[in-house]
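Order of listing sets the numbers, starting from 1, for every ligand and every atom in it.
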Amino acid sequence: MLEKIQETAAFLKARITTHPETAIILGTGLGSLAQEITQKHEIAYSEIPNFPISTVEGHKGKLIFGKLGDKDILAMQGRFHYYEGYSMKEVTFPIRVMRELGIKNLFVSNAAGATNPDYEIGDLMLITDHINFFPEHPLRGKNIDYGPRFPDMSEAYSKEFIGKALEIAQRKNITLRQGVYIGTQGPTFETPAEYRMFRILGADAVGMSTVPEVIVANHCGIKVLGISVITDLGVEGKIVEVSHEEVQKAADAAQPRMTTIMKELVNEI
Ligand code: HPA
């Protein structure tokens with residue numbers, strides 16, 4: 001496992017000239033942040049040794065090295081979801097490669113269904129904490145020496161980044177919710193009873209990604225900021241049929257706000 005990670009990192013290091021400390025995972029419908037990156041050097045997942053290949057419609061699989069403002073960054077366009085059939089080791093492989101590349105900060109975006117009755121479609125939610133509802137833990141198995149066997153998760157989402165994101169949002173007149181994201185395997189959206197259960201468990205929004213990557217990032221000592229776009233409402237009385245297309249449409253509408261926050265934040269850290 002470690003050799004594969006190092007082999008992949010060595011392959012990438014040989015091809016890039018930048019030294020990014022911040023990586024961004026571009027989630028559903030948030031790919032337009034990629035257009036803001038300058039001096040791009042793109043590497044398709046299919047060219048990268050040991051990298052899985054992403055299969056979901058709307059996710060283009062490539063790493064983008066370049067600049068966002070004046071900062072070197074690494075963006076992942078297309079992520080690996082557990083529901084696609086990848087193992088947890090595959091889903092989180094890129095995070096470990098990032099660690100080998102010297103990444104210190106990780107920004108993640110995703111689409112999520114609201115379980116908090118105050119939320120509306122198109123809202124942005126700063127993830128303050130998460131609940132791991134995946135059936136398999138990404139750190140199960142032999143511990144890799146990037147971090148301890150029993151990692152602390154008391155601040156899975158950096159309080160410093162949360163504070164900065166809130167300041168930026170205020171300055172830019174963007175409304176940001178703050179809430180708990182519950183990560184579940186999918187690929188079904190939830191039944192009304194499941195949305196209710198997740199609300200009772202303490203979640204404000206539910207989605208099918210992010211949690212595995214965030215756990216591994218924490219294990220690697222990478223600081224995390226996460227933002228969800230609320231694309232549908234899992235709230236009694238407001239539940240309607242959901243489709244992937246509608247999720248993407250709602251995520252697209254939130255794109256400019258998300259991009260602003262991420263861009264500003266990258267340049268402040
Ligand atoms: N549930 C799970 N994942 C999601 C949802 C949802 O309602 N919306 C977008 N991703």
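Checking Y146 against E100 by side-chain atom types alone, a donor-acceptor pair falls below 3.5 Å. Donor-acceptor pairing under 3.5 Å is lacking for the side chains of N105 and E21.
Ligand 1 is never approached by G234 to a heavy-atom distance shorter than 4.0 Å.
Scanning all protein heavy atoms for the shortest distance to atom 8 (N) of ligand 1 gives D232 OD1, 2.6 Å. In terms of protein heavy-atom proximity, atom 4 (C) of ligand 1 is nearest to V206 O, 3.7 Å. Regarding atom 5 (C) of ligand 1, its nearest protein heavy-atom neighbour is G113 N, 3.4 Å. Here the protein heavy atom with the shortest distance to atom 10 (N) of ligand 1 is A111 O, 3.4 Å. When only non-hydrogen protein atoms are considered, atom 3 (N) of ligand 1 lies nearest to G207 CA, 3.4 Å. From the protein, the heavy atom lying nearest to atom 2 (C) of ligand 1 is E190 OE1, 3.2 Å.
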(request) Could you please spell out the steps behind the side-chain contact (heavy atoms from CB on, under 4.5 Å) verdict for R171 and I168? (result) CA-CA 5 Å; R171 203 164 70 225; I168 292 165; 3.9 Å; yes
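Of all atoms in ligand 1, listed by their number and element, those nearer than 4.0 Å to a heavy atom of M208 are 2 (C), 3 (N). For ligand 1, the atoms sitting less than 4.0 Å from at least one non-hydrogen atom of T231 are 8 (N), 9 (C), numbered in the order shown with element in parentheses.
Close N/O approach between T184 and ligand 1 is not found [any backbone or side-chain N/O within under 3.5 Å].
Checked options T18, T22, V266; the residue passing with K71 is V266 (criterion: side-chain contact (heavy atoms from CB on, under 4.5 Å)).
Between R199 and D204, at least one side-chain N (NZ, or NE/NH1/NH2) sits under 4.0 Å from a carboxylate O, which counts as a salt bridge. In this structure, E160 pairs ionically with K223, as a charged nitrogen and a carboxylate oxygen lie closer than 4.0 Å.
Partners of D72 under the salt bridge (Lys or Arg N to Asp or Glu O under 4.0 Å) rule, at least two apart in sequence or in another chain, are K67.
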